[in-house]
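Everything on this sheet refers to the single structure shown next.
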Amino acid sequence: MSTDAGPGRRDLPGTPVFDGDSSRRGLRMNKLFMSLRHADARQRFLADEAAYCREFGLTAEQERAVLGRDWQAMIDLGGSIFYVYKLAMIDGRSMQYLGGVFTGMGEEDFLAAMRAGGRRDG
């Protein structure tokens with residue numbers, strides 16, 4: 001995860017920055033996620049998730065994150081939230097669910113906070 005403040009960036013502690021480095025690090029994993037937009041790919045993935053991960057050449061750490069549905073690890077390993085969400089959809093998960101995971105709030109609390117105008121962090 002790259003959170004260093006660089007030119008034109010604000011320092012946002014605890015906020016993953018999806019930049020060139022993270023994009024390169026997560027390229028194969030993000031390609032796997034993008035492939036899931038096709039029904040035949042979803043069927044192949046669901047039939048043997050580990051084999052499908054190997055087809056894309058994921059690192060062992062990335063494969064563990066995908067198979068274990070460790071959403072935060074996927075982001076930390078270079079996953080783009082927009083692509084990670086494609087995997088969440090296979091599991092019937094909503095973007096609000098992921099928001100709850102990433103904020104430690106839980107889906108219902110996250111949804112309630114959004115309906116009330118957003119999170120209040122101090």
Side-chain angles (χ1 to χ4, degrees):
M1 174 171 42
S2 177
T3 59
D4 295 338
R9 283 200 193 148
R10 296 183 311 201
D11 184 18
L12 302 169
T15 301
V17 175
F18 188 76
D19 59 8
D21 289 336
S22 56
S23 177
R24 283 185 290 280
R25 191 170 59 251
L27 178 65
R28 292 171 187 236
M29 188 171 54
N30 288 320
K31 283 186 174 187
L32 180 153
F33 298 146
M34 279 302 293
S35 76
L36 299 176
R37 67 182 185 233
H38 302 289
D40 61 321
R42 290 190 299 272
Q43 290 172 346
R44 288 182 37 240
F45 175 77
L46 291 170
D48 189 341
E49 294 184 11
Y52 199 77
C53 287
R54 286 190 297 275
E55 283 183 38
F56 283 83
L58 271 58
T59 67
E61 195 174 17
Q62 288 171 332
E63 184 174 331
R64 279 191 303 275
V66 170
L67 298 178
R69 301 307 195 263
D70 186 339
W71 308 106
Q72 186 62 57
M74 289 182 229
I75 297 297
D76 293 343
L77 294 167
S80 163
I81 185 60
F82 300 106
Y83 301 144
V84 169
Y85 180 52
K86 295 191 179 318
L87 176 60
M89 287 189 301
I90 284 181
D91 292 344
R93 300 296 190 171
S94 68
M95 185 58 84
Q96 293 80 12
Y97 167 81
L98 289 179
V101 167
F102 296 135
T103 60
M105 298 176 75
E107 183 175 7
E108 291 304 316
D109 290 339
F110 182 83
L111 186 55
M114 294 301 101
R115 286 184 175 149
R119 289 178 49 195
R120 306 285 186 255
D121 290 339

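In this chain, numbering begins with 1 at the start of the sequence shown.
In this structure, Phe33 has its ring center at least 6.0 angstrom away from the ring center of Tyr83.
One finds the CZ atom of Arg93 at 11.0 Å from the CG atom of Leu87 (value rounded to the nearest 0.5 Å). Atoms CH2 and CD1, from Trp71 and Ile81 in turn, are 9.0 Å apart once rounded to the nearest 0.5 Å. The CE atom of Met74 sits 11.0 Å away from the CG atom of Asp76 when rounded to the nearest 0.5 Å. The distance from atom CG of Asn30 to atom CG of Leu77, rounded to the nearest 0.5 Å, is 10.5 Å.
The two atoms that bring Phe82 and Lys86 nearest to each other are O-CG, 3.9 Å, heavy atoms only. A pairwise comparison of heavy atoms in Met105 and Ala113 identifies CE-CB, 3.6 Å as the closest pair. In terms of heavy-atom proximity, Glu63 sits nearest to Cys53 at CG-CB, 3.8 Å. Pairing each heavy atom of Phe102 with each of Gln72, the nearest pair is CD2-OE1, 3.2 Å. Shortest non-hydrogen contact noted between Leu98 and Ala88 is CD1-CB, 3.9 Å. The shortest non-hydrogen separation linking Ser35 to Ala41 is O-CB, 3.1 Å.
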Exercise for review: Please step through side chain to side chain contact (heavy atoms under 4.5 Å, CB included) for the pair Leu32 and Gln62, ending with a clear verdict.
Suggested key: CA-CA 11 Å; Leu32 180 153; Gln62 288 171 332; over 6 Å; no
Point to revise | From CA spacing to verdict: side chain to side chain contact (heavy atoms under 4.5 Å, CB included), Gln43, Leu46 | key: CA-CA 5 Å; Gln43 290 172 346; Leu46 291 170; over 6 Å; no
Review point. Would Phe56 and Val66 satisfy side chain to side chain contact (heavy atoms under 4.5 Å, CB included), going step by step from the backbone distance to the final call?
Key: CA-CA 12 Å; Phe56 283 83; Val66 170; over 6 Å; no
Exercise for review: Please assess Val84 against Met29 for the test side chain to side chain contact (heavy atoms under 4.5 Å, CB included), listing each intermediate value before the final yes or no.
Suggested key: CA-CA 9 Å; Val84 169; Met29 188 171 54; 5.8 Å; no
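Within 6.0 Å of the CD atom in Glu61, the count of heavy atoms belonging to other residues, nucleotides or ligands does not exceed 12. In the displayed structure, Arg42 atom CZ is contacted under 6.0 Å by more than 12 heavy atoms of other residues, nucleotides or ligands.
When atom types are taken as modelled, the side chain of Asp70 and the backbone of Arg64 share no donor-acceptor pair closer than 3.5 angstrom.
Taken together through direct or relayed side-chain contacts under 4.5 Å among Ile, Leu, Val, Met, Phe, Trp and Tyr, Tyr85 and Ile90 form part of one hydrophobic cluster. Under the 4.5 Å side-chain heavy-atom criterion for Ile, Leu, Val, Met, Phe, Trp and Tyr, Met95 and Met34 are members of the same hydrophobic cluster.
Screening residues 107-118 for side chain to side chain donor-acceptor pair (under 3.5 Å), with sequence neighbours left out, gives Ser94-Glu107.
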